[in-house]
Structures are given as structure tokens and as C-alpha cells.
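What follows is a set of notes on a single structure, which appears directly below.
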There are 2 protein chains.
Amino acid sequence: MTKASRSKTAPAKGDEEGTRARILNVALQEFSRLGLSGARIDAIAAESGLNKAMIYYHFGSKEQLYVAALKESYQRFREIEGALEVDGALEPEQALRKLVGASFDFHAAHPEFVRMVMGENINQGEYISKIPELRAINHSAIALLEHVCQRGVAEGVFRADVDPVDLHMSISALSFYNVSNRHTFSFIFGRDLGAADVHAARRASVVDTILRAVRAP
Amino acid sequence: MTKASRSKTAPAKGDEEGTRARILNVALQEFSRLGLSGARIDAIAAESGLNKAMIYYHFGSKEQLYVAALKESYQRFREIEGALEVDGALEPEQALRKLVGASFDFHAAHPEFVRMVMGENINQGEYISKIPELRAINHSAIALLEHVCQRGVAEGVFRADVDPVDLHMSISALSFYNVSNRHTFSFIFGRDLGAADVHAARRASVVDTILRAVRAP
DNA sequence: GTCTATACATGGATAGAC
DNA sequence: GTCTATCCATGTATAGAC
């Protein structure tokens, strides 16, 4: 009996998503909202329309479920990043603009990813270190950046001494902070970062900041 | 009997710091390490060399203790920021360099502050909103930035259309992320952000990025 | 695979003596 | 103000039936 031992009863029910997948989706939301310690297995069970025993049957423990959710979170991130096509006809400047804008938009559109990463940093990276597959997760992003930088240097529009990983870090920081620190920032400065005009202005500022950082001389 | 009802026995004991202050210090560390839900009253009591009842006597509840720690955290931040003297003889460029470097250094030197802010954003700012005094916390930083910008514009070295709050946000983002996402970033890129040379290079990059963002034209 | 019922530990909070 | 002892709700995890 191999892994695919769900011999019959392939359920064509409307909500057929698979129990495991349903749990995982709910868990991702719950952990991202409340962190590892704040999330409750009871709540995940209830929200999934299941019972606690099912969660332990499929995932073993709260921590293993958390690791699965963390992994899933990063993998979704990779999928969307991977779908970015940027080369082709675009000038290096325009290509970089597109990359930065996409990063900013992705973070804004996926606060649950941002929150998972925040939570895992609160955990001091204890659990992500158990998922070596994620090591490669951003390498394609770096490769893309590197390629764009090289083209820019060749055309004489970008500086030659830009480190792609350092540049990636700046792009991530500006994209990430905008979501991660939204609540405290909005409170302290009375500027609602969720508002459309504020958001658009910030986006433009971030893209501009990165472009200026790489532009020659 | 007024507030100061500790009539006699003003204890000259070596560790005289005040019970309340001792609890608060330990709580700040504990909440910053583990977040509101992850922190344990038992652990705070033990670490303080006290018992749980004392905590409830002085602070009422876990959440009130958390709010006190959050407030304390921001107030220490303000103190250090407030001590920054930047005007005087410095050129606008040099003044801004100093400001950005100080922000970067402060965050690096105070991971517990960064972590408290992360945790509170996980809480969606629910508790900071109960501390209206903190609204003004960064206004002096903004005023300083604004003044430097104005001088730079007057001398023709800075752009005229820089928004001080937006600029402050970029400085904070680059300073904050470096600490907040240290663990996941180090894991994924295999670059230890704690290492002295990496840290110094990143600092230089951040200062440079901000300077380029404001420089005319 | 899925459920109900329950074991068992933990954690926030309080009572009451000193 | 400070302590010990304890209450009670909650939360992770499992046993065992279907």
C-alpha cells in the first residue's frame, strides 16, 4: 500500500480540497495572526470544521503544523516571485522599477506572509532552520537582480559596485516594513498606511529610492 | 497616607532598584523575547527573584504589565533619540549622515526594542493605542529631519520635494529590518548579519542609500 | 480517516497569612 | 509589601470507538 492509499471514495464533494490542505490553510492564517504561541489548536480545528484529533492525526503536533504552515507560506511567496518575467525588451531602469514595484505590491497583498516571517523572527528562526529546502527560496530573485544590474552596468546607467544581495535587502526592507510596522507607524504618525493615496505615494517613494541607490555614478 | 507610603526602611540594599522597576525590566526582556502570548508570568517572577503575587500587586494583570513594558520600551527609545545633537556646525549632508547612522546603530544596539515593536504589530497595535502619550514620541525626530532637509534645500544640495515623514519611514525601515529579520535573512542567504564586517558594510549602504534619496536634483 | 471524551500539564489570577 | 498555597480555566495531546 503506497502513499496514495486513498483507494476509493475520491470525494467529489464541493469543498473537496483535502482535509490536510484545509487544515494547513486555516493554520497559516491563524499562526500569521497570532504567532506560534498565540495560535490555538482548538481555534484551527473549529475554523476548519474539524476536530483537534484530525490535526494531530495529520500533523503530529502544534509545532509540526507550524513548520508546515511556515514552509507553505514561503513556497507561495516563491511561486509568485518566480512568475515575474522581467528581462526581454525592458531597459535596465524599467526592469528594476518593475522588480521593486512587484516586491512592494507582493508584500502589501500578502500581509499573512509578512506576519509569518515576523513571527518566525520572534522565534529567532528556530523553526525555519528545520526547513533546509527554503535556503534556495530567494536565489532566483537574486539571480534576476544580478542580471538586471549587470545589464545596467554594461549600459553605463548603473553603478558597478552594487552588491545584489545588499540591494535585495534594501528592497525587501522597504517593502516589508510598510506592512510589518503598519500599526505602530500609523498610530504614531497618524498617517493611515492603508489609505490608497498614502500607499501609492509610498510605493513611488520606495521605487525611487532604490533607483537612486543604483544609478550611476 | 499618600502614594509615598513606604514610610521607613528606605532600603539601602545593594540591589535597591525598586521592586516595580525590577519587575518591569525583566518583563521588558521577557515580552520582547517571546511576545505577549509567549511570555510567562511565572518566568518573569522567577527571573525577578520574586513571586507572581507581587506582579499582580504592582501591575494588576499580564496585559497591564505588557502595556507598561511597551511604554517603557518606547520611552527609552525617545531618550536616546532626544540626546542626539546634530545641528551646529555640520553641513546638511554630514548632519543627515549622522542621523541615519545613529538610527541604524540604535536599532542594532537595542534588539529588545525592535522585538517589542514587532510583537505589538503582531498584536495589530491593540495595546499601543492605549498609550496616547506615545503619539508624540517621534515628533522631535521628525522636526530634526525637517530642519536638516530645509537647510539642505536652502544650500541647494537636497531636493525640495522630500517629505520628512516619508524619509523618516525609509530610515526606520532600513534600520529596523536589519535587526527584525536578522534570523530569517541570515538563514536564507547564509550571510550572518551579526558579523562585524557584514554589519559595517550594511551600515554604509544604508547611509548611502538615504543620502542618494535626498540629494539634488 | 474521523469522531467524542478525557487525561494531564500549564498558566493566569487570587486568598489570606505575615 | 511580600510571601505560600491554591483555585480554576485553558490548552496540548491522546485513547478508543466507529
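Below, read A as the first sequence line, B as the second, and so on, with proteins coming before strands; counting in each chain starts at 1. The structure displayed is predicted, hence computed values, not measured ones.
- A donor and an acceptor atom, one from each side chain of B/Ser170 and A/Arg202, are located under 3.5 Å apart.
- Taking atom CG of residue B/Leu65 and atom P of nucleotide C/dG11, one finds them 16 Å apart after rounding to whole Å.
- Counting non-hydrogen atoms of neighbouring residues, nucleotides and ligands closer than 6.0 angstrom, the CD atom of A/Glu47 reaches no more than 12 such neighbours.
- The nearest whole Å value for the distance from the NZ atom in B/Lys62 to the C1' atom in D/dT10 is 12 Å.
- In terms of polar N and O atoms assigned as donor or acceptor, the side chain of A/Lys52 never comes within less than 3.5 Å of the base of D/dG11 in a complementary pairing.
- For the pair B/Ile23 CD1 and D/dT2 C1', the computed distance is 10 Å after rounding to whole Å.
- Between B/His199 and B/Phe104, the ring center distance clears the sub-6.0 Å criterion.
- The stretch residues 53-60 of chain B touches DNA chain D through B/Ala53, B/Met54, B/Tyr57, B/His58, each having a heavy atom under 4.0 angstrom from the strand.
- Proximity of B/His110 to B/Arg115: side-chain heavy atoms (C-beta onward) are nowhere separated by under 4.5 Å.
- A/Ile171 pairs with exactly one of A/Val206, A/Val207, A/Val100, A/Thr209 by the side-chain contact (heavy atoms from CB on, under 4.5 Å) rule, that one being A/Val100.
- Put simply, CG on A/Leu34 is 11 Å from P on D/dG11, counting in whole angstrom units.
- At least one side-chain nitrogen or oxygen of A/Thr19 sits closer than 4.0 Å to the OP1 or OP2 atom of C/dT2.
- Aromatic ring centres of B/Tyr127 and A/His183: separated by at least 6.0 Å.
- Aromatic ring centres of B/Tyr66 and B/Phe31 lie closer together than 6.0 Å.
- In this structure, CD1 on A/Ile188 lies 8.0 Å from NE2 on B/His168, to the nearest 0.5 angstrom.
- For residues 36-51 of chain B, proximity to DNA chain D is found at B/Leu50, B/Asn51, defined as any non-hydrogen atom under 4.0 angstrom from a strand atom.
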